[in-house]
Protein chains: 2
Amino acid sequence: MASPLMGCFPDNKVSKAHWSLPFLCLAFVLVGRGEGNAMDNGATERMAEESHRQDSANLLIFIMLLTLTILTIWLFKHRRFRFLHETGLAMIYGLLVGVILRFGVHVPQSMSDVVQGCAVNASPATLLVNVSGRFYEYTLKGEVSRGKGHQVQDDEMLRKVTFDPEVFFNILLPPIIFHAGYSLKRRHFFRNIGSILAYAFVGTVISCFIIGLIMYGFVSFMEVVGQLSGEFYFTDCLFFGAIVSATDPVTVLAIFNELKVDVDLYALLFGESVLNDAVAIVLSSSIVAYQPAGDNSHSFEAMALLKSFGIFLGVFSGSFALGVATGVVTALVTKFTKLRDFPLLETALFVLMSWSTFLLAEACGFTGVVAVLFCGITQAHYTYNNLSRDSQDRTKQLFELLNFLAENFIFSYMGLTLFSFQSHVFNPLFIIGAFVAVFLGRAANIYPLSFLLNLGRKNKIGSNFQHVMMFAGLRGAMTFALSIRDTATYARQMMFSTTLLIVFFTVWICGGGTMPMLSFMSIPVGVDSDQEHSSFGMLDGSQRRNTKHESAWPFRIWYNFDHNYLKPLLTHSGPPLTATLPACCGPLARCLTSPQAYENEGQLHDDDSDFILNDASVSSMYADVTVSTDASGSAAVRRNRSSTGSTAGGPFDEGLDHELATTEHEVSIRGTRLVLPMNDQADPPTTVTLPPPPSPPRSDPRRHRL
Amino acid sequence: MASPLMGCFPDNKVSKAHWSLPFLCLAFVLVGRGEGNAMDNGATERMAEESHRQDSANLLIFIMLLTLTILTIWLFKHRRFRFLHETGLAMIYGLLVGVILRFGVHVPQSMSDVVQGCAVNASPATLLVNVSGRFYEYTLKGEVSRGKGHQVQDDEMLRKVTFDPEVFFNILLPPIIFHAGYSLKRRHFFRNIGSILAYAFVGTVISCFIIGLIMYGFVSFMEVVGQLSGEFYFTDCLFFGAIVSATDPVTVLAIFNELKVDVDLYALLFGESVLNDAVAIVLSSSIVAYQPAGDNSHSFEAMALLKSFGIFLGVFSGSFALGVATGVVTALVTKFTKLRDFPLLETALFVLMSWSTFLLAEACGFTGVVAVLFCGITQAHYTYNNLSRDSQDRTKQLFELLNFLAENFIFSYMGLTLFSFQSHVFNPLFIIGAFVAVFLGRAANIYPLSFLLNLGRKNKIGSNFQHVMMFAGLRGAMTFALSIRDTATYARQMMFSTTLLIVFFTVWICGGGTMPMLSFMSIPVGVDSDQEHSSFGMLDGSQRRNTKHESAWPFRIWYNFDHNYLKPLLTHSGPPLTATLPACCGPLARCLTSPQAYENEGQLHDDDSDFILNDASVSSMYADVTVSTDASGSAAVRRNRSSTGSTAGGPFDEGLDHELATTEHEVSIRGTRLVLPMNDQADPPTTVTLPPPPSPPRSDPRRHRL
């Protein structure tokens, strides 16, 4: 491979520093400043300082962009403008700035190019350059596309607003994905877990292969027609399929949330798009891993496929296990220390542990983003319970803010990239093919799977739901991040450009069209999830059976295990372990059970942990309302719950109650405590302790002893 | 200068990536991964991946360190252990890890060193290396100290836990300094502003020069004795003086806060150490700027000195102006938009604007850290008023968290550095000299200035206060960051090592000895600032006169200007501009005055903005209690205020009231609204509107018209 033609030419660009650290991370940009600061070598120093200044100015552009976006979002919200979501807006601003940078700004070219011949036959991570007896240290930034050597400094300004793609994976995506996991409405999510898993795993794989096959057809056609000016293998097509199969949870769901669309539809879409991202990221890396095995022109090879499949399974389960493990450790630490007396320490610990999941996964060779997702879900399910009220608010608000900033940053960067990226390959045929493929791939995911799922589901996924799911498969941050990660080859550049267009189209057209779509499909909006279930659900027998059916046996087993062992072990809630574990484990159980669990023993004080409200800053806590026989009390609660706009209610418990009521268990209702949701600090916390009902109306699943 | 001896030798170290991004900033470390990811060049890719993994693992060490620190802090707080502050603890853990890394871990040396000759006579910011037709991009990291070329990879592990020093300036210090400004108790700060400015400006300059002179004496002696093995100029001594003159607000004040030490002592120390940092950072950069002007062996030169002085003034005032300007812009934006309906947007805007101050200052060539300090103060003084309650909490908690993490990170890194830094120069004579100089420099700052200030102050700074201020001049994060910024020369390395020891000594010995010192000096602890003033202050005539005296005329003018024009212009509070501006500006005034200002017109609802509580998450709001004639109402308020442990009370207003009461103004008290502080969401907000007193007891300064 080593050719004799080698050159080592430093070019005196004033400020190359890569644009990599969007939030808090200026130092990356300052890399050129380094230690040579107060050295006598004035030129280097001044250069580094100048570079630092320019980098600061460039970062300022982005901050201003975000500020502008925020102000416009406010204006839109203020005027109740809904057709364009904030992410679409961010993209538009990004586009505008991109146009200005591209055509409006001309940085004077004052750089001299020093080309020097030098024999180098390796590209190590660090380079020490000896200049006049001084050693300068250089770090490998990456490969520059071929022949670009002299061209790079032509578009200095554009290059400067280009980030290292790894920023997306290591800085911007983790908070977004963690937030998705942490704010997951687990009640509705778990109720539809089967369907969600089917869409996310089977569906994404189907979509990936369908898109890959269609694209391969198009690419072959393009080759025949002579439209293809580079190599494009089948694995490239599959890779493209994987990256555009990741649907984005952001845009549509913000609209859904605002409109209070049916909770099941919401859960299906949200759950799918969250898990989807994890599947797509692992899938794409498995497809990349397929490549080197062949090395013989990317032909099919069974062993390599198996290997890729093994990698997929290994990486996914490893990341999953790591994420859950850190979550569990955090839960244990917060449970067994009295850290909750110091919310600041608690919050700091929570943040550090969650971040360490990412690092741990990356250090072990798993996928940090996937690990962070499951860590978020675990933290929400267990740790959240142990946190003090203050820390609950803090952590939620912190990740909400990080998510907001990261998301808007990515979307405005997307807009910018359309003009600032310098290796776009827009191929009309490929673009048309991609749009067709994406459409068909999504259809091949939703419709057949829905049909199959409906065979098993009592609560059918209606055809209008299916159409909306089809329509609402927007592509967003993850697709963008995956496609920009590698833009070195012709194939990847073409993919990137096409992906950008797909994202723009779906966010603007599909995102903007969600509302008309919903009304066209006559999907009810303004549905209060509580009301729906606590009024209709109680009356409508079939609906109750649906809920029952959905809680299939594997889930029931998991629920019991979680409720009887994991919750008491990891949190302060649930029945004491002394009650659920066999007698022989007595001492251990006593040791592990929190004192609060005994206090709560008779007070079915469990399900406050089963959800986190997205919107309200104060989570509403309540215990099983339906167990109460006091009609007035229950009515009061219901009114209060709907007044906070809470979308998480008791339906799940009710369903489970009804269902498990068929199995015989001893009944021991000792009392029910109602903790009313508080309206923003104004209401005093009212604790209504209802007297134990004189004759238990029906068996209570939570009190059974194994 | 260009010598013929040049070499360009890439060394195949597996993972050099610098360790630069502590929080959220992994990507910096990943720089080596870059675009070459999915390229065919498998070796580079694997190397980059391996490097990424190792970097993640290394960052994990720090996260674990912080986690451990948090847990131990909790244990200490839980057991009411006070002799060691958390920062001291973080340093100890850092030391331990440093020892382990230094002596325990031996990374196998599997790197081959490729040395290749190559003619290079410049060290540009970016290097493009052509390896076998592929171009790799390298970025300048900085100069490596002379002769280290081959030695570097010997201590790979140690090098890897070494951060780019600029991280401290661009990532870790800004949130710490911003938090200091944002949480400044402005009431007490402004009351002592004259003394604080004297200590911070005059004192720091005195200290810098005293230390510089003493060190020059020591260094000259060392040269005679033959203990000096490198160059050490007078400017180096001055530089040393500047960096060790920055006292740290963290450790002592945490103890003060906990013990409720006298508020004036607290304000003096806190104010001094906050401004101090700003002065030291600008001073040190001015001293560095002095050097190149001479170039003739660092001799004295009047012009260069003047130039340095000009730089000092320019940079300081520029940074100040920028910081205040962004704060004012944020205040205007939050005032004139109804952004407060959306706390998330508001918080995001606040964070972005505050961050942009830093970038703006850096882009203009000023000092970002200094700008951020004044931005924080301005934000707290004006913008904080306009924020929704939710955003007030969010922003405070966010910066509190960032401050906590950054601070503990710096201190544990300090501990680590003692063993991981590889160019330590421990010179016993220099160290002894430095300790003596630091002691004398601090003394020369405090005692003479206190004597002079006492000539003017009625409320004398007692000798016990002076001793405590002398003793409590700890050196911390800023000193460390300034000294690690440049460790390229022998002089700087010696300074760095010595500074490290000074920090350790002051944090452990002085920090730990604060409590005994306080009791030895018989300084009252457990003083509730409210109680002190609202009971004693009312009775003790002399104390009242003190307060009066301290509000000297420049401050009175500023207060009136601020209250009558700036507050109404920038916030929703204060008297309407229509009342304070001359009649000719009527339309403009009407346009700029917030509707709420009219509502509040008669309700002296101003001073809720004059302080931010550090500890309570809910700020206590109240209006002038002493104006009320309703004894029971006022009593209720007082009890309530002390129950929240608020350290900010009405004394300042009272002082000003009493004082300005001597000047005649028309009286127009229309009513007083009391908004009771709320105890953590439990109390409903009680608004007691007192009837206007039948005959105004005395003139009220807030109502006068100019």
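In what follows, every chain begins at residue 1, and chains take the letters A, B, ... in the order their sequences are listed.
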Examine whether an atom of B:Leu360 lies under 4.5 Å from a heavy atom of chain A, and if so say whether it belongs to the side chain, the backbone or both; otherwise answer neither. both

Tested for side chain to side chain contact (heavy atoms under 4.5 Å, CB included) against A:Leu359, the lone hit among B:Asp55, B:Ile61, B:Leu59, B:Asn58 is B:Leu59

Which pair of heavy atoms, one from A:Arg394 and one from B:Glu400, lies closest together, and at what distance? NH2-OE1, 3.2 Å

Chain B: which of A:Thr337, A:Thr69, A:Ile73 shares the most heavy-atom pairs with it under 4.5 Å? A:Thr337

Least distance between heavy atoms, A:Leu401 atom then B:Leu344 atom: CA-CD1, 3.8 Å

Work out which heavy atom in A:Glu362 is nearest to a heavy atom in B:Ser56; give both atom names and the distance. CB-OG, 3.4 Å

Between A:Leu75 and chain B, which part of the residue has a heavy atom less than 4.5 Å away: side chain, backbone, both or neither? neither

Do you know the tightest heavy-atom contact between B:Leu352 and A:Ile63? O-CG2, 3.5 Å

Which one of B:Thr67, B:Asn408, B:Leu345 has the most heavy-atom pairs closer than 4.5 Å to chain A? B:Leu345

Best-contacting candidate, A:Leu398, A:Leu339, A:Val333, against chain B by heavy atom pairs under 4.5 angstrom: A:Leu339

Looking at every non-hydrogen atom in both residues, tell me the closest pair between A:Ala363 and B:Ala57 and how far apart they are. CB-N, 3.8 Å

Any chance you could lay out the side-chain contact (heavy atoms from CB on, under 4.5 Å) test for B:Trp74 and A:Glu346, step after step, and finish with the verdict? CA-CA 9 Å; B:Trp74 165 71; A:Glu346 204 179 34; over 6 Å; no

Non-hydrogen side-chain atoms of A:Leu60 and B:Ser356 separated by less than 4.5 Å: yes

Selection from A:Lys77, A:Met64, A:His78 maximising heavy-atom pairs under 4.5 Å formed with chain B: A:Lys77

Side-chain contact, heavy-atom cut-off 4.5 Å: B:Gln397 with A:Asp393? no

Can you tell me how far the CZ atom of A:Phe404 sits from the CZ atom of B:Phe342, to the nearest 0.5 Å? 11.0 Å

